[in-house]
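A note on names: the letters A, B, ... follow the listed sequences, proteins ahead of strands, and every chain is numbered from 1.
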Amino acid sequence: MPDVLDVLRNLPRAVEPGRTDAEAVAADVARGHRAVADRRRRRFAVAGGAAAAIVAGAAFALPVGGAGPQSPKPPGPPVSAASRVQLVGWTGKQPVGFEVSTVPSGWEVVSSDKSAFVVAPPGQEITQKPGDPISFEGRIVVSLQGLSHFPDESPITEVDINGRKGRMGFPLADEGKLSDTRWLFFKDAKGRNVEVDVPASAGLSDDQIVSFAEGVTVTDQAQEIGG
Amino acid sequence: MTARRAGLVRVAALLVSGDLARAEDIVQTALTRMYLAWSRVRPDTVDAYARRCVVNEAIDERRRPFWRRERVHAQLPDVPIASFADGPRSDEEEVLALLATLPAGMRAAVVLRYVEGLSVAETADAMRCSEGNVKSQAARGLQRLRDTFPAHAHLSMKGI
């Protein structure tokens, strides 16, 4: 009768080997990409809890601190995908992690902190308790790229962002199905990878997204949110 | 990744009594969790982190309400008992089956220490518990296997 310890040492031979083919590994990676995309789309934990500055009501169309040289246009009716929105100059207090020079007319800041700059379209409920997760659904998000990568299925459009190469594509909405949200990845002047997420409902053209991205400046306080 | 994946599936399979389908599920979930946490994983601890994810997932799976609930069937399932249907089993198959009778934490300690050959410290890291707990769980688990293995092996030899 062999000792249990000897049998235990031989146990790996009694277990069928798991899959190690390229297809299984690729599926693992695809699952990871989808999980990152899902997390980005749904919500993220607000870094710093109360540090998340909620600027509800400080609409882009209503200058904060008085009119400046880049006074935004007056607020208009709710913007739909069918009617192109206009980018207007940002005159409010600059966010901590990501400074912006333009924003879509009428959109409101949901959160601006070291993790991300999030703006919501007119008419969307943006009341938010400090520390609560913030939804990315239907909102424009600026953050560091972290683990986000284009899925193989996504067409990629190369664009020019302030003389540096940017790549525009789509995340996966579900297995084998692309989302209608556009992702733009580009390096800023300091070489950091920036990500801009723009939902189709924003109604921004590719050129407008590029124009918006060209006005983004990543500050030294910006932090990755991991995906 | 390919070589590591095989090792992770093996550990998961040992933690769920050789059920390869469940082991695959566990590894897939663990790798996804690891991917989401990738920015926090240090290059020198990738293997340990992956192992910890798998062990946590395997142990947590048993803690979920789905597994705790008694499952009700209108009819008794018509499934043959392995030892009756398949005749005598090998020592390895016997011990694999006996591992399933151990509590999840004890089973993990036995598998990681005596099958995978990890040190007490590495096992404690994978199980996220103290080294004293690992020593205790592994020793008690091994003793329980030693207590039951001869009897099972004897019954199995007779095809009972």
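Contact annotation for residues 109-125 of chain B against chain A (heavy-atom separation below 4.5 Å, listed by residue number): Val110(B), Tyr114(B), Val115(B).
Of the inter-residue distances, the one linking Leu11(A) atom CG with Arg10(B) atom CZ reads 10.5 Å to the nearest 0.5 angstrom. How far CZ of Arg34(A) is from OH of Tyr35(B): 11.5 Å, rounded to the nearest 0.5 Å.
Residue Asp152(A) places its CG atom among 12 or fewer non-hydrogen atoms of other residues, nucleotides or ligands, all under 6.0 Å distant.
Counting heavy-atom pairs under 4.5 Å between each of Glu24(B), Arg146(B), Met34(B) and chain A puts Arg146(B) at the top. Chosen from Val9(B), Leu20(B), Leu99(B), Val11(B), the residue pairing most often with chain A at heavy-atom distances under 4.5 Å is Leu20(B).
Tested against Val95(B) for a side-chain contact (heavy atoms from CB on, under 4.5 Å), the candidates Asn10(A), Asp6(A), Leu8(A) yield a single pass: Leu8(A). With Val7(A) as the fixed residue, the side-chain contact (heavy atoms from CB on, under 4.5 Å) test singles out one of Leu98(B), Leu96(B), Asp91(B): Asp91(B).
Residues Arg5(B) and Val25(A) are in side-chain contact: their nearest non-hydrogen atoms beyond the backbone lie under 4.5 Å apart.
Both the backbone and the side chain of Ala24(A) come within less than 4.5 Å of a heavy atom of chain B.
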